[in-house]
There are 2 protein chains.
Amino acid sequence: MSPRSSDGPSGGSSRGSRASGRPTLAELARIAGVSPITASRALRGVASVDPDLARRVREAAAALNYVANPAARTLASAHSDAVAVLIPSLSNLLFIDTLEAIHDVLMPRGLEVLIGNFHYSPEEEEKLVRNYLAYQPRGILLTGLEQTPATRSLLKASGIPVVYMMELSREAGLHCVGFSQEESGAAVARHLLARGRRHLAYVAAQLDPRALERGLGFQRVLAAEREVRPPVWLSVPEPSSVALGGELFVRLLEAYPDIDGIFFCNDDLAQGAIFEATRRQVPIPGRVAVVGFNDLPLSAHMAPRLTSIRTPRAKVGEAAARRLVALMEGDCRAEPAIDLGFELVERESS
Amino acid sequence: MSPRSSDGPSGGSSRGSRASGRPTLAELARIAGVSPITASRALRGVASVDPDLARRVREAAAALNYVANPAARTLASAHSDAVAVLIPSLSNLLFIDTLEAIHDVLMPRGLEVLIGNFHYSPEEEEKLVRNYLAYQPRGILLTGLEQTPATRSLLKASGIPVVYMMELSREAGLHCVGFSQEESGAAVARHLLARGRRHLAYVAAQLDPRALERGLGFQRVLAAEREVRPPVWLSVPEPSSVALGGELFVRLLEAYPDIDGIFFCNDDLAQGAIFEATRRQVPIPGRVAVVGFNDLPLSAHMAPRLTSIRTPRAKVGEAAARRLVALMEGDCRAEPAIDLGFELVERESS
DNA sequence: TGCCGCCAAGATAGCGTTATCTTATGCGCT
DNA sequence: AGCGCATAAGATAACGCTATCTTGGCGGCA
């Protein structure tokens, strides 16, 4: 017998008197009149349990408001019901839309969503991956393809399904859901050229890998045109904001008075530029055309309405989560890369 | 001995061959040359461990990239390192700011943040609380004061610290961080009266408890004025959006042509109204004054700039998280209610 | 010099589940 | 009618950590 603890009147074990007060599987099983393992099987719906017993277990569970202890479950089964999602920023509306879609897919399936913010730093991402791996998640969703080698090998070693969001990889077997950032930049360039613009600029704040890709796509198309000079490239390290967009707009036009078309790396900057232009009575698109990226809700309502690239950010979250679920269930026949495309929404600002 | 498993060459136990590949505390302890329990104590910094042993343990942990298994830790200690945060909506920018501030306080302390979205439904909130309680969190952050009785008693029975955000309760001992929604509505009313407006309206979408409070505060102040009639109250069930704000603005002015001041329950609606007014050449504030709520980043940049109530949403998150940490550490001498106030930012739209 | 108390380190036994093995039960087949 | 096999339920032993109890060693005091 245990060296301590004669079974007291309360039947308590030696260990802190079950402070939680929640029923255990053993109690549930006793009430349902079955063994704990049968109760466990019944609740999980695994293996074949007599339908009558299963019903009794479910009824007892409902009566007791029984909820399994996830820690015990994870420890015993060597995997949790969590999915880790790493995003580079919480303050960027863009990722919130994605996050919400992910939630909507995963939570109804009883999966917990662990959110990590790596602030655009691959090193921080690595640290987060290391930590989340300790939770033995069922799957991981990552944003972008800029992982450190250590992150990649950690993930590979873990054997846990991973889906990459927002970019498309040419690497074989990498499950990714997104669209071509490079192509979207190219599309903007073609649009501005078609509108007769010849002196173009790319403006970005806190250049992340995807914004860079877009800028490169923009550049590529312009480089192919004989009578068009390469775009002015203005990029600052501060975080993006509406106010900053206005500032950069002014700074750019002062430095390069002949600019007649600007591609901002996101809508926040572009909106700020339009507000500032309105204030200074710079005609848009008369004097200069403005194009944003993301198509935030407000962009369609401004004056002038903002031309932008509509990104499928909610769809990315949904498709990535669905793919992850499929992988978790061992169902991975589908094409690894899912290209959700983008749409250039032409409005008054260009 | 165990009925199965002669200790094989790999030293493996019978159970699935340690698929995770991560080192256990026992391995770490062996390498550091101490007992597992000493390693555990050294890493947690509890009890007194010889500094030399502690150093050896830490070095071994670093060398192995050891990360403790949270499930085992939770199971053994009867509490996790998680904090549950329940918010009514993920798509509302407002709560994102709060959430980010919470993250910034809790994650550096090694606390995991579990996010639950209860979609403004107390029943769903109850379900989430029940589920999250199973995780044995160290603390819980709730939004608003509209819990079901069952939720309240679950929380009380759990003994886990709870902090309520966004509203102030007069209930004794309830830790809450926020500001007076009712007062903020009253402040808007006083502002519009001071500007000479006499025919006022309150416009809301998807009226949540806090928006209702604001409307009531608005009403209260107007009711106290002899020569002012009660405000027109326009409230629709659809979710709030910029486009809806424009629609409601038009609908309101058509039905009540003498309205000269509108308090929108949030900035999204107010922004939509201003855009629509600009489009229809309705002078603002000449024809009608517009006031929003939340002071979203864009409101300061529009034309006309939007008068709004600046809410301390990030500060609420930060203060609530800090208070929760204090409670978790048994330090609860402070005043339970923290009023962070609000600020009426007067701009061109009123 | 001997006894006691105190403190650091270790031994032990779970925490509440589930994986695995074992046992009982029944059924088809020869 | 007997045998083996499939199936369902239970017994057992972990999962990896920490709470608790136990032990050993040391210093202080009489």
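Note that the structure is predicted; figures quoted are calculated from it, not measured. Computed over heavy atoms, backbone and side chain alike; hydrogens, waters and symmetry mates excluded. Protein chains get the first letters and strands the later ones, always in sequence-line order, with residue 1 at the start of each.
Rounded to whole angstrom, the span from the CG atom of Leu25(B) across to the P atom of dG16(D) amounts to 11 Å. Between the CG atom of Leu43(A) and the P atom of dT17(C) there is a distance of 10 Å, rounded to whole Å. The nearest whole Å value for the distance from the CD atom in Glu27(B) to the P atom in dG16(D) is 9 Å. The CG-C1' distance, from Leu75(A) to dG14(C), rounds to 12 Å in whole Å. Following rounding to the nearest Å, Arg73(B) (CZ) and dG16(D) (C1') show an atom-to-atom distance of 11 Å. At whole-Å resolution of the value, NE2 in His79(A) and C1' in dT18(C) are 10 Å apart.
Between Asn69(B) and Arg41(B), the residue whose closest nucleotide on DNA chain D is further toward the 5' end is Asn69(B).
Ring planes of Phe118(B) and Tyr120(B): perpendicular class, angle over 60° (limits at 30 and 60°).
Taking side-chain N and O atoms only, Arg44(B) has a distance below 4.0 Å to OP1 or OP2 of dT18(D). Distances shorter than 4.0 Å separate none of the side-chain N or O atoms of Tyr66(B) from OP1 or OP2 on dG16(D). For the OP1/OP2 pair of dA9(C) and a distance below 4.0 Å, the side-chain nitrogens and oxygens of Ser35(B) include no atom meeting the criterion. At the phosphate of dG10(D), OP1 or OP2 sits under 4.0 Å from a side-chain N or O atom of Thr38(A). Ser40(B) has a side-chain polar atom (N or O) that falls below the 4.0 Å cut-off from OP1 or OP2 of dT18(D).
Within 4.0 Å of Val49(B), counting heavy atoms only, lie sugar-phosphate atoms of the nucleic acid but no base atom.
At least one donor-acceptor pair closer than 3.5 Å links the side chain of Thr143(B) to the backbone N or O of Leu86(B). Remark: side-chain polar atoms of Arg130(A) are not paired, donor with acceptor, to backbone N or O of Tyr66(B) under 3.5 angstrom.
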Would you please test His119(A) and Glu124(A) for side chain to side chain donor-acceptor pair (under 3.5 Å) and show each step?
CA-CA 7 Å; His119(A) 301 100; Glu124(A) 198 167 342; 3.0 Å; yes

